[in-house]
Number of protein chains: 2
Amino acid sequence: MGQAKFSQTDFLAAAQAIAAAEGPAAATIASITARLGAPTGSFYHRFASRNVVLGELWLRAVRDFQEGIGAALDAGDGLAAALHTPAWVRGHLDNARLLLMYDRKDFVQGEWPEELRERVAEMTRRMEAGSRQRARAIFGEDGREEVRLAQFLISEVPVAAVRQHLVRREPPPPLVDRLIRTTYRAVVADYRARKRKPGLAERAV
Amino acid sequence: MGQAKFSQTDFLAAAQAIAAAEGPAAATIASITARLGAPTGSFYHRFASRNVVLGELWLRAVRDFQEGIGAALDAGDGLAAALHTPAWVRGHLDNARLLLMYDRKDFVQGEWPEELRERVAEMTRRMEAGSRQRARAIFGEDGREEVRLAQFLISEVPVAAVRQHLVRREPPPPLVDRLIRTTYRAVVADYRARKRKPGLAERAV
DNA sequence: ATGGGTTTAGAATGATAGTTCTAGAATATG
DNA sequence: CATATTCTAGAACTATCATTCTAAACCCAT
């Protein structure tokens with residue numbers, strides 16, 4: 001057997017570094033191998049395609065991100081789950097930029113490579129289960145409306161509040177947490193009020 | 001003079017249609033000219049580069065979008081400005097998708113073409129002035145914090161609430177308006193409460 | 001009618017990237 | 001020590017695009 005100067009991990013790390021610094025599009029085979037001083041041949045000994053490497057980066061970032069939210073929800077606390085986003089972003093600026101500033105399509109062009117299909121499917125399943133879990137944790141039900149509200153509170157609002165800071169490569173200030181918290185409480189309160197007196201709440205809107 | 005089978009407007013319309021249907025990246029010179037049955041040469045008689053056409057599309061979408069917000073604010077109503085986003089999206093699904101689902105860099109690669117620089121600069125100026133105007137309209141001041149909150153209420157939250165519906169090419173349901181409204185009122189109320197009794201509000205967080 | 005512009009028409013060019021190929025070097029195993 | 005296997009090395013190939021170029025068609029003003 002040969003000597004293995006360049007490992008899978010080396011290529012992944014190089015790709016991650018380049019993607020974090022200049023965006024996933026900049027992680028070309030040429031730039032990845034150049035950073036390691038490796039020949040392109042070595043790259044293709046480790047990976048079937050560029051899609052595999054960039055898909056792997058994306059999957060890792062998503063998994064890292066989701067884990068914390070899941071943990072917060074297992075504790076039954078929706079607000080903690082909502083506040084997980086700014087907290088995670090502060091501790092993982094690079095991965096956060098990858099995940100929240102770019103689209104999945106900036107990583108994987110066309111179809112997912114066969115090697116990753118199963119993991120993506122698993123991830124999707126987990127996320128769908130998670131969205132109902134979130135609705136139950138916050139509202140006690142997981143009907144269509146509750147799921148939609150939970151997505152707003154736990155995903156949409158926190159991500160939106162954090163984005164401009166990611167663009168500037170700065171940690172989100174405490175004000176961001178306050179906005180998320182205020183929004184969370186208001187939407188939950190509004191939901192409960194509407195449940196209690198649908199007619200009144202309707203008119204009040 | 002020749003006969004002019006293909007006008008600037010034709011090319012722009014074709015590019016718009018393709019970009020709206022399949023994303024700006026799909027609006028290549030080949031796809032634009034193919035849609036019209038025009039030769040590539042004719043395209044370059046009308047435009048200096050692809051960047052000019054796609055930059056033009058982006059500028060038009062931004063302008064359309066901003067106009068309504070500006071009008072709402074001139075009436076001094078921050079909530080109306082916040083609710084402009086879902087309303088505009090319902091009436092301009094195609095432009096909304098272009099503007100809210102893609103990044104500026106998906107339209108213009110590298111530098112802006114000289115022909116559009118002035119208009120982009122003007123647009124930037126207008127948006128910066130607008131952000132202070134929004135802060136004043138809502139909070140009566142335009143300090144750093146007020147500007148940040150206004151951006152959250154008028155831009156970040158509405159856009160976030162609307163995005164998943166754009167992806168599905170469906171008009172945002174009324175629930176989206178309710179979320180925006182609830183958030184708006186809560187954040188403004190929280191701001192005012194904090195202004196009145198800073199100590200108390202601080203502890204309450 | 002014709003000269004000269006504009007426009008059509010599409011082939012040629014050049015750049016960038018992903019992927020494949022051929023050759024040679026290194027090494028663990030028999 | 002021989003050799004099969006893996007890996008390095010980088011050139012070659014292929015595809016996709018934006019852009020430029022050459023030639024011919026067209027039509028208005030003279």
Side-chain angles (χ1 to χ4, degrees), chain A residues 1-16 18-19 21-58 102 104-116, chain B residues 1-16 18-19 21-58 102 104-116:
Chain A
M1 298 176 186
Q3 63 288 356
K5 253 161 105 173
F6 311 102
S7 69
Q8 261 197 358
T9 308
D10 293 334
F11 288 112
L12 275 168
Q16 160 89 35
I18 293 166
E22 306 166 61
T28 64
I29 309 294
S31 73
I32 293 170
T33 54
R35 171 177 262 258
L36 296 173
T40 59
S42 296
F43 175 89
Y44 282 96
H45 266 281
R46 303 298 182 184
F47 299 96
S49 70
R50 178 178 182 272
N51 270 355
V52 173
V53 171
L54 278 128
E56 179 74 40
L57 290 188
W58 188 82
Y102 300 95
R104 193 193 61 77
K105 287 184 182 168
D106 295 326
F107 292 80
V108 177
Q109 324 266 15
E111 295 293 295
W112 278 93
E114 187 53 40
E115 299 107 294
L116 302 180
Chain B
M1 298 172 187
Q3 62 290 352
K5 256 160 103 174
F6 310 102
S7 69
Q8 259 197 358
T9 307
D10 292 334
F11 287 112
L12 275 168
Q16 160 87 36
I18 294 166
E22 307 166 61
T28 65
I29 308 296
S31 73
I32 294 170
T33 53
R35 170 176 263 256
L36 296 173
T40 61
S42 296
F43 176 89
Y44 281 96
H45 265 282
R46 304 296 182 188
F47 299 96
S49 71
R50 177 178 184 273
N51 270 356
V52 172
V53 170
L54 280 136
E56 178 74 38
L57 290 187
W58 189 83
Y102 301 95
R104 194 192 60 77
K105 287 184 181 168
D106 295 326
F107 291 80
V108 178
Q109 324 266 15
E111 295 293 295
W112 278 93
E114 186 54 39
E115 298 107 295
L116 301 180

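The basis for the numbers below is simple: all heavy atoms, side chains too, and nothing from hydrogens, waters or symmetry mates. Quick note on labels: first sequence line is chain A, next is B, and so on, each numbered from 1.
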Distance col, row Y102(B):OH vs L57(B):CG, nearest 0.5 angstrom, shows 13.0 Å

Atom CZ of F43(A) to atom C1' of dT20(C): distance rounded to whole Å? 14 Å

Contacting residues from residues 49-57 of chain B, given that a heavy atom lies under 4.0 angstrom of DNA chain C: none

Respond yes when some side-chain nitrogen or oxygen of S42(A) is under 4.0 Å from OP1 or OP2 of dT8(D), and no when none is. yes

Determine whether a donor-acceptor pair (N or O, by modelled atom type, separation under 3.5 Å) exists between the side chain of D106(A) and the backbone of A25(A). no

According to ring pair (Phe, Tyr, Trp, His ring centres under 6.0 Å), who are the partners of F11(A), at least two apart in sequence or on a separate chain? F43(A)

Distance check needed: dA15(D) C1' versus I29(B) CD1, whole Å only. 18 Å

Using the ring of each side chain (for Trp, its six-membered ring), is W58(B) parallel, tilted or perpendicular to W112(B), with breaks at 30° and 60°? tilted

Please report the distance, rounded to the nearest Å, between CG in L36(A) and C1' in dG10(D). 16 Å

Check the phosphate of dA9(C) against K5(B), side-chain N and O only, distance under 4.0 Å to OP1 or OP2. Yes or no? yes

Does dT6(D) have OP1 or OP2 under 4.0 Å away from a side-chain N or O of R46(A)? no

Are the side chain of R46(A) and the backbone N or O of F6(A) linked by a donor-acceptor pair below 3.5 Å? yes

If we ignore hydrogens and angles and just use 3.5 Å, is the side chain of R50(A) paired with the main-chain N or O of A27(A) as donor and acceptor? yes

Could you list, one pair per line, each protein nitrogen or oxygen that sits under 3.5 Å from a nitrogen or oxygen of nucleotides 20-24 of chain D, together with the distance?
| residue | atom | partner | partner atom | Å |
| --- | --- | --- | --- | --- |
| dT20(D) | O4 | T40(B) | OG1 | 3.4 |

Verify, without hydrogens or angle tests, whether S31(B) (side chain) and A26(B) (backbone) share a donor-acceptor contact under 3.5 angstrom. yes

